[in-house]
Amino acid sequence: QLACPLDLGCHSVGDTYPLVPGHEIIGIVEAVGSKVTKHKVGDRVGVGAQRDSCHSCADCADHDETMCSRAVYTYNSPDLEGHNTYGGYATGIRVNEDFAIAVPEAIGSAEAAPLLCAGVTVFAPLQRYRRSGDKIGVVGIGGLGHLAIQFAKALGHEVIAISTTADKEAEARSFGATGFLCSKDAEAMKKAARSLDFIVCAASGHFPLDMYMSLLRKDGRFCLLGIPEQPFQLHAGSVIFNRACVCGSLIGNPDELIAMMKVAAEHNVRPKIETLPLAEVNTAVNRVRSGPYPATAASSLFKLPLVRCQCI
């Protein structure tokens, strides 16, 4: 189980207590319901940020369960019966079989865990929106961004890493970026105008959206994955004059999680992680909260016994 920045907001007003966080879980199936067909006792599976959906709405019928209005999140969320859910810091979890994802043998448990949230969060929009031959930009070379670079490369694309910090170039290239842009270099940004087809924005801080929109070719897309505290301002001309779109994406549905794991296993896509013993859990959380954490560390892993999973 991981110390992910998403878990750091679990002590805010409106949370339901008792609260057990954790949404990137690797476990061994210890029991299955009578109607379960996808898993058996002893399987190694992963559970991400969502553990169930209604299975009956139009979105679920389209295999787009993340958009379900009754989506059940892995912790601090009412389940379909109205009970509060508890996450991966617990010793066990009961989850709908569709949301327990088989982990390929090629991927270790410590490396698989971040893929269940950070990995699928960047993989899903790439699979959904990219087109063959697209030149792809990745804004923000952190926990999400370093995986976005790897997945975009694995899917056969030229990848340009974009950061406010010039000294991230070497590391970005080590993950597979073929080019690098420092967004604070006005001349470089001007030269790169209309050079990208699709931009994955993994940054969560506030930034001038128009500046990044200028990098898109006609019919390009700018996909937001983070939620800045302040609203964006966007000039209409930034989308009108090159028919550009601003879109967003939320984690990933079970089909996308399965596809993501397959690509990660086949192309050696791996998060940069640090493992820590459970006794240092508070240290890990405080390091992620206080920052700056190593730029490309997806999270801190608490070295727990694998979580016991029950599939229903």
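The figures that follow rest on heavy atoms only: side chains count, while hydrogens, waters and symmetry mates do not. Sequence positions, counted from 1, serve as the residue numbers for this chain.
- H23 contributes atom NE2, which lies 9.0 Å from atom CD1 of I25 (distance to the nearest 0.5 angstrom).
- Ring-centre distance between Y86 and Y75: not below the 6.0 Å cut-off.
- The heavy-atom pair separating H39 from A100 by the smallest distance is NE2-O, 2.6 Å.
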What verdict does the side-chain contact (heavy atoms from CB on, under 4.5 Å) test give for Y73 and T85, after you've listed the backbone C-alpha separation in whole Å, the side-chain angles of each residue and the deciding distance to 0.1 Å?
CA-CA 8 Å; Y73 297 107; T85 58; 5.7 Å; no
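- Counting only heavy atoms from C-beta outward, the side chains of S56 and C54 approach each other to under 4.5 Å.
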query = Can E97 and K38 be said to form a salt bridge (Lys or Arg N to Asp or Glu O under 4.0 Å), step by step?
reply = CA-CA 7 Å; E97 64 171 331; K38 296 181 178 179; 5.7 Å; no
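- Looking at heavy atoms from C-beta onward, N242 lies out of side-chain contact with D219 at the 4.5 angstrom threshold.
- With hydrogens and angles ignored, the 3.5 Å screen pairs no side-chain donor or acceptor of D59 with any backbone N or O of E65.
- For the pair R44 (side chain) and P104 (backbone), a donor-acceptor distance under 3.5 Å is present.
- Linking Ile, Leu, Val, Met, Phe, Trp and Tyr whenever their side-chain heavy atoms come within less than 4.5 Å leaves V139 and L225 in two separate clusters.
- Here the side chains of S183 and F207 are not in contact, with every heavy-atom distance at 4.5 Å or above.
- A donor-acceptor contact shorter than 3.5 Å is absent between the side chain of Q150 and the backbone of V269.
- At a threshold of 4.5 Å between non-hydrogen side-chain atoms, the residues L250 and M67 count as touching.
- Put simply, the side chain of I101 does not reach to within 4.5 Å of the side chain of V45, judged on heavy atoms.
- For the pair M261 and L116, the minimum side-chain heavy-atom distance is below 4.5 Å.
- Under a 4.5 Å side-chain heavy-atom criterion applied to ILVMFWY residues, the cluster that includes V72 comprises L80 as well.
- Between I107 atom CD1 and N268 atom CG the span is 9.0 Å, to the nearest 0.5 Å.
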Open item on the list: Run D64 and D255 through side-chain contact (heavy atoms from CB on, under 4.5 Å) and show every step you take.
Closed with: CA-CA 9 Å; D64 211 359; D255 288 346; over 6 Å; no
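- The closest donor-acceptor contact from the side chain of T66 to the backbone of N253 lies at 3.5 Å or more, if one exists at all.
- Looking at residues two or more places apart in sequence or on another chain, you find a ring-ring contact (aromatic ring centres under 6.0 Å, His included) between H206 and F232.
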- [ ] Any chance you could lay out the side-chain contact (heavy atoms from CB on, under 4.5 Å) test for I162 and L196, step after step, and finish with the verdict?
- [x] CA-CA 11 Å; I162 307 168; L196 302 174; 4.0 Å; yes
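- Closest approach of K153 and V159 over heavy atoms only: N-CG2, 3.7 Å.
- To the nearest 0.5 Å, atom CD1 of residue I199 and atom CD1 of residue I160 are 10.5 Å apart.
- Within the 3.5 Å criterion, the main-chain N or O of V41 finds no donor-acceptor partner in the side chain of E30.
- We find the CG-CG distance between N84 and L19 to be 7.0 Å, quoted to the nearest 0.5 Å.
- Remark: the backbone N or O of V20 is not paired with any side-chain donor or acceptor of N76 at under 3.5 angstrom.
- Q50 places a side-chain N or O within 3.5 Å of a backbone atom of D52 that can act as its donor or acceptor partner.
- Side-chain atoms of R51 come within 3.5 Å of backbone atoms of T74 as a donor-acceptor pair (strictly under, hydrogens ignored).
- Checking each of R221, R217, K218 against D197 for a salt bridge (Lys or Arg N to Asp or Glu O under 4.0 Å) leaves exactly one that passes, namely R217.
- I227 and L144 fall into different hydrophobic clusters, where Ile, Leu, Val, Met, Phe, Trp and Tyr are joined by side-chain heavy atoms under 4.5 Å apart, directly or via other members.
- The neighbour count for H235 NE2, taken as heavy atoms of other residues, nucleotides or ligands under 6.0 Å away, does not exceed 12.
- Criterion: ILVMFWY side-chain heavy atoms under 4.5 Å apart, direct or through other members. Under it, Y212 and V200 are not part of a common hydrophobic cluster.
- By the criterion of side-chain heavy atoms lying less than 4.5 angstrom apart, applied directly or through intervening Ile, Leu, Val, Met, Phe, Trp or Tyr residues, F241 is not grouped with F198; the two fall into different hydrophobic clusters.
- Residues F222 and C201 meet the side-chain proximity criterion, which asks for heavy atoms closer than 4.5 Å.
- Between E256 and the options H63, Q127, R128, a side chain to side chain donor-acceptor pair (under 3.5 Å) holds for only R128.
- Taking every heavy atom of both residues into account, K168 and S163 meet most closely at CD-OG, 3.5 Å.
- Ring planes of H146 and F175: perpendicular class, angle over 60° (limits at 30 and 60°).
- Side chain of D43 to backbone of K40: a donor-acceptor contact under 3.5 angstrom is found.
- Within the model, atoms CG of D79 and CZ of R70 stand 9.5 Å from one another, a figure rounded to the nearest 0.5 Å.
- The line from CG of N96 to OG of S53 is 7.0 Å long, rounded to the nearest 0.5 Å.
- In this structure, the side-chain hydrogen bond (donor to acceptor under 3.5 Å, both in side chains) partners of E169, at least two apart in sequence or on a different chain, are R173.
- Looking at D134, its side chain does come within 3.5 Å of a backbone N or O of R131 through a donor-acceptor pair.
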*asked:* Could you go through R287 and E274, starting from their C-alpha distance and side-chain angles, then the distance that decides it, and tell me whether this counts as side-chain contact (heavy atoms from CB on, under 4.5 Å)?
replied: CA-CA 12 Å; R287 285 170 63 185; E274 177 185 6; 3.0 Å; yes
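- Two residues are said to be in side-chain contact when any heavy atoms from C-beta on lie closer than 4.5 Å; C223 and S249 meet this criterion.
- Here the closest heavy-atom approach between residue A161 and residue I149 is recorded as CB-CD1, 4.0 Å.
- When every heavy atom of A172 is checked against every heavy atom of F180, the shortest pair comes out as CB-CD1, 4.2 Å.
- Closest approach of R130 and I136 over heavy atoms only: CB-CD1, 4.5 Å.
- Linking ILVMFWY residues whenever their side-chain heavy atoms come closer than 4.5 Å, directly or via other members, places M260 and L126 in the same cluster.
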